[in-house]
Amino acid sequence: MELENKGACGRHCIKINDINVNFGSEKILENIYIHIHCGSLTVLIGPNGAGKSTLLKSILGEIKHTGNISFTDLKDNTKQKIRIGYVPQNINIEHDIPITVYDLFASYISNYPVWLRKNKKLYQKIYEQLKIFSIEDCIDKQVGKLSGGQLQRVLLSIAITPMPNLLILDEPVSGIDRNGVRDFYRIVSKMKEKYDMAILLVSHDLNLVKKYADKVILINHKILCQGTPEEVYNDANFKEIFD
Ligand SMILES: Nc1ncnc2c1ncn2[C@@H]1O[C@H](COP(=O)(O)OP(=O)(O)OP(=O)(O)O)[C@@H](O)[C@H]1O
């Protein structure tokens with residue numbers, strides 16, 4: 001994987017302030033406060049139905065919630081609009097869909113109609129972004145023909161174009177074997193270091209989380225505990241849920 005430091009983040013502070021979500025009369029998330037640092041991988045864990053995806057969707061503004069996200073430039077203490085990149089767990093793509101990686105990428109990052117002849121400058125830009133994840137050879141491949149791991153790399157390339165202030169990831173589950181998931185964590189770790197990036201990841205793989213996370217947050221509708229992997233894995237709440 002080629003990574004060149006483009007200094008994406010600098011010194012910023014991301015705070016998720018008092019997120020609450022109700023579905024009907026059911027409280028799904030209650031008083032969620034999270035502080036996310038540049039150059040760190042924060043991992044959300046919790047049992048099925050704990051509200052992890054709901055929290056991601058709230059941060060992405062996709063579902064109704066109370067609370068907010070603040071993004072402060074610590075240089076001059078000004079609040080700014082946050083740019084968020086997101087990679088879902090999986091996307092459903094028809095095997096035969098006649099869309100190439102270039103088409104998919106171009107549709108996200110430009111207004112140039114993808115059914116017109118390829119725009120050379122845009123093609124080169126996309127090629128360079130795919131190169132970060134060593135996936136540039138797939139640029140003309142049909143998206144439906146990619147392996148799970150290749151697709152994940154393409155989605156990561158799209159999510160960091162342009163460079164976000166916060167990258168939100170759902171651990172890949174479908175179409176990727178154990179080695180593929182490990183590779184995913186390695187790539188994410190390298191990205192974090194090279195770009196000084198703030199990353200929030202939802203995961204079910206407690207072993208990989210232990211190895212790669214800087215901070216772990218255990219939620220079950222509310223935050224039960226947070227800290228280093230060691231601190232959280234030794235917490236009574238963690239033992240009660242996962243042992
Ligand atoms: N749109 C919705 N309307 C009503 N209830 C919902 C909706 N979306 C999710 N829920 C409920 O909210 C709760 C939290 O779901 P969520 O998907 O956020 O959990 P999760 O921690 O991501 O679970 P998993 O680990 O199984 O993916 C669940 O009880 C779910 O049934």
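Remember, it's a predicted structure, so these values are computed and weren't measured experimentally. One-based numbering, in listed order, for ligands and for the atoms of each.
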Just checking, is any N or O donor in the side chain of [X] or [Y] under 3.5 Å from an acceptor N or O on the other one?
X: S203; Y: Y185; value: yes
X: Q142; Y: T100; value: no
X: N20; Y: D18; value: yes

Minimum-distance protein heavy atom relative to [atom]:
atom: atom 18 (O) of ligand 1; result: T54 OG1, 2.5 Å
atom: atom 12 (O) of ligand 1; result: I28 CD1, 3.4 Å
atom: atom 17 (O) of ligand 1; result: S53 CB, 3.8 Å
atom: atom 19 (O) of ligand 1; result: G51 N, 3.2 Å
atom: atom 7 (C) of ligand 1; result: F23 CE1, 3.2 Å

Under 4.5 Å between any side-chain heavy atoms of V216 and I45, yes or no?
yes

Could you tell me whether [X] and ligand 1 have an N or O pair separated by under 3.5 Å?
X: G49; value: yes
X: H221; value: no
X: G46; value: no

When the ring planes of Y123 and Y102 are compared, do they come out parallel, tilted or perpendicular, using 30° and 60° as the limits?
tilted

Contact between P47 and ligand 1, counting heavy atoms under 4.0 Å?
yes

Are K57 and ligand 1 in contact, using a heavy-atom cut-off of under 4.0 Å?
no

Is it true that D214 and K192 have a side-chain N and a carboxylate O under 4.0 angstrom from each other?
yes

Contact region, N48 to ligand 1, non-hydrogen atoms below 4.0 Å, reads both

Just which atoms of ligand 1 are under 4.0 Å from any heavy atom in K52?
18 (O), 19 (O), 20 (P), 21 (O), 22 (O), 23 (O), 24 (P), 25 (O)

Going by the order shown, which atoms of ligand 1 are within less than 4.0 Å of some heavy atom of A50?
19 (O), 20 (P), 21 (O)

Around atom OH of Y108, are there more than 12 heavy atoms from other residues, nucleotides or ligands closer than 6.0 Å?
no

Smallest separation among heavy atoms of C138 and Q150, with atom names
SG-NE2, 3.7 Å

Counting only non-hydrogen atoms of the protein, does one fall under 4.0 Å from atom 30 (C) of ligand 1?
no

Residues forming a salt bridge (charged side-chain N to carboxylate O under 4.0 Å, His left out) with K145, sequence neighbours excluded:
D96

